[in-house]
Amino acid sequence: MIEMRNLTKRYFTGTPNEITVLGGIDLSIKAGEFVAIVGQSGSGKSTLMNIIGALDQPSGGEYELDGTPIQHLNRSQLASVRNHKIGFIFQSFNLIPRSSALKNVELPMVYAGIKKSPRSLRAKKLLDMMDMGERMNHYPNELSGGQKQRVAIARALANDPDILLADEPTGALDSKTGHRVMDIFLRIHREEKKTIVFITHSAELAELCPRVITIKDGRIVSDEAGSRAGGSADG
Ligand SMILES: Nc1ncnc2c1ncn2[C@@H]1O[C@H](COP(=O)(O)OP(=O)(O)O)[C@@H](O)[C@H]1O
Ligand SMILES: [Mg+2]
């Protein structure tokens, strides 16, 4: 599903300053895998995720997403890949404040051209799945952090993407709420067979994932099975 060879990302902050953020990533993630990416702040996790999600282009190397070489796509093709193949979840939820939970979940389907009635039906179903059905008419500022993240997960699932990319989705949540959100990801992986890339600061949550990749200074320094994979985050 995700194939990277010698992938690099550099930023030019004015000559002669060039910083290498990703220094040659070789990574292969198969359909249906659940992979945690851990590493210190500044190690390049978000940069890598943005490239995986076709939000950003690498400086060098090769990247194929589901067999498509990403570096040859134009902007609108990239947008289409993002819209149909990938669901994003962020630490800061990124919900639209002036839209209800329901409208937030509908939005990616609006962009995908889904008509009002099937769109609203699917959004309700997804919010029910996240135990948010009763709060679907609430606005983001009327929801707790955990509830906002459940709305964001429902939104990420709206167009039935193959891949979920989550960048520190529990980073703004207390530990107990974070564990609940982690359990939702484990359930989605089990029941919906999604490929999941889960960036986290929490070693404890990462160890619940079948595969844990550690990044340091823009390089992969370990790639192994999570020691508590198969368990639940909630106890
Ligand atoms: N647009 C940019 N220009 C220059 N440096 C950047 C830019 N984006 C990120 N960086 C640098 O790249 C490094 C990795 O950042 P990031 O991928 O956000 O790390 P992480 O998500 O692991 O905390 C950091 O040193 C950061 O300062
Ligand atoms: Mg980051």
Side-chain angles (χ1 to χ4, degrees), residues 1-2 4 7 9 22 27 29 31-39 44-58 63 65-66 68 70 73 75-97 99 101-114 119 122-123 126-127 129-130 132 140 143 145-173 178 181-182 184-189 192-202 205-206 209 213 215:
M1 184 62 78
I2 293 165
M4 295 183 159
L7 188 116
K9 182 70 181 179
L22 297 176
L27 177 60
I29 297 176
E33 278 199 86
F34 189 162
V35 182
I37 297 182
V38 293
K45 302 181 299 296
S46 294
T47 303
L48 179 60
M49 192 189 101
N50 289 341
I51 295 174
I52 292 175
L55 286 167
D56 195 3
Q57 291 276 27
Y63 173 32
L65 177 61
D66 201 12
T68 305
I70 286 299
L73 301 186
R75 284 171 70 111
S76 79
Q77 288 168 322
L78 286 172
S80 166
V81 166
R82 284 198 297 273
N83 230 322
H84 293 99
K85 278 210 171 298
I86 300 170
F88 293 94
I89 296 129
F90 300 96
Q91 173 172 357
S92 50
F93 322 119
N94 294 12
L95 298 175
I96 311 282
S99 295
L102 184 68
K103 292 290 177 199
N104 267 281
V105 178
E106 282 190 43
L107 196 59
M109 294 185 269
V110 174
Y111 292 138
I114 314 277
R119 187 169 86 204
R122 176 160 175 82
L126 288 167
L127 284 166
M129 246 176 75
M130 296 298 139
M132 286 298 292
L143 302 173
Q147 290 170 341
K148 281 186 238 193
Q149 199 57 299
R150 283 188 273 151
V151 173
I153 295 170
R155 177 184 59 183
L157 290 168
N159 288 329
D160 198 21
D162 294 326
I163 305 174
L164 284 186
L165 297 181
D167 193 353
E168 310 219 19
T170 66
L173 306 175
V181 165
M182 182 66 188
I184 293 174
F185 280 94
L186 292 166
R187 174 158 60 100
I188 292 170
H189 179 243
E192 313 282 321
K193 315 283 178 225
K194 303 289 182 198
T195 307
I196 302 179
V197 180
F198 185 93
I199 293 176
T200 180
H201 253 91
S202 162
L205 292 183
C209 299
I213 291 173
I215 301 199

So do the side chains of [X] and [Y] get within less than 4.5 Å of each other, counting heavy atoms only?
X    : Y    : result
L27  : V35  : no
I163 : K85  : no
C209 : M182 : yes

Mind checking the [atom1]-[atom2] spacing from [X] to [Y]? Nearest 0.5 Å is all I need.
X    : Y    : atom1 : atom2 : answer
N159 : L107 : CG    : CG    : 10.0 Å
I153 : L127 : CD1   : CG    : 11.5 Å
F90  : I199 : CZ    : CD1   : 10.0 Å

Okay, side chain of [X], backbone of [Y]: is any donor-acceptor separation there less than 3.5 Å?
X    : Y    : result
K45  : G39  : yes
Q149 : P169 : yes
H189 : T195 : no
R119 : E106 : no
K9   : Q57  : yes
R155 : N104 : no

Could you verify whether a donor N or O on one side chain and an acceptor N or O on the other, from D66 and T68, lie under 3.5 Å apart?
no

Between V105 and M132, does a side chain to side chain contact (heavy atoms under 4.5 Å, CB included) hold up when you go through it step by step?
CA-CA 11 Å; V105 178; M132 286 298 292; over 6 Å; no

Once the angle between the rings of F185 and F34 is folded into 0 to 90°, is it parallel (under 30°), tilted (30 to 60°) or perpendicular (over 60°)?
tilted

Audit row: M49, V197, side chain to side chain contact (heavy atoms under 4.5 Å, CB included) steps and yes/no
CA-CA 8 Å; M49 192 189 101; V197 180; 5.5 Å; no

Where A54 and R82 come nearest, the two heavy atoms and their spacing
O-NH1, 2.6 Å

May I ask you to decide whether K193 forms a salt bridge with D162, counting only side-chain N to carboxylate O separations under 4.0 Å?
no

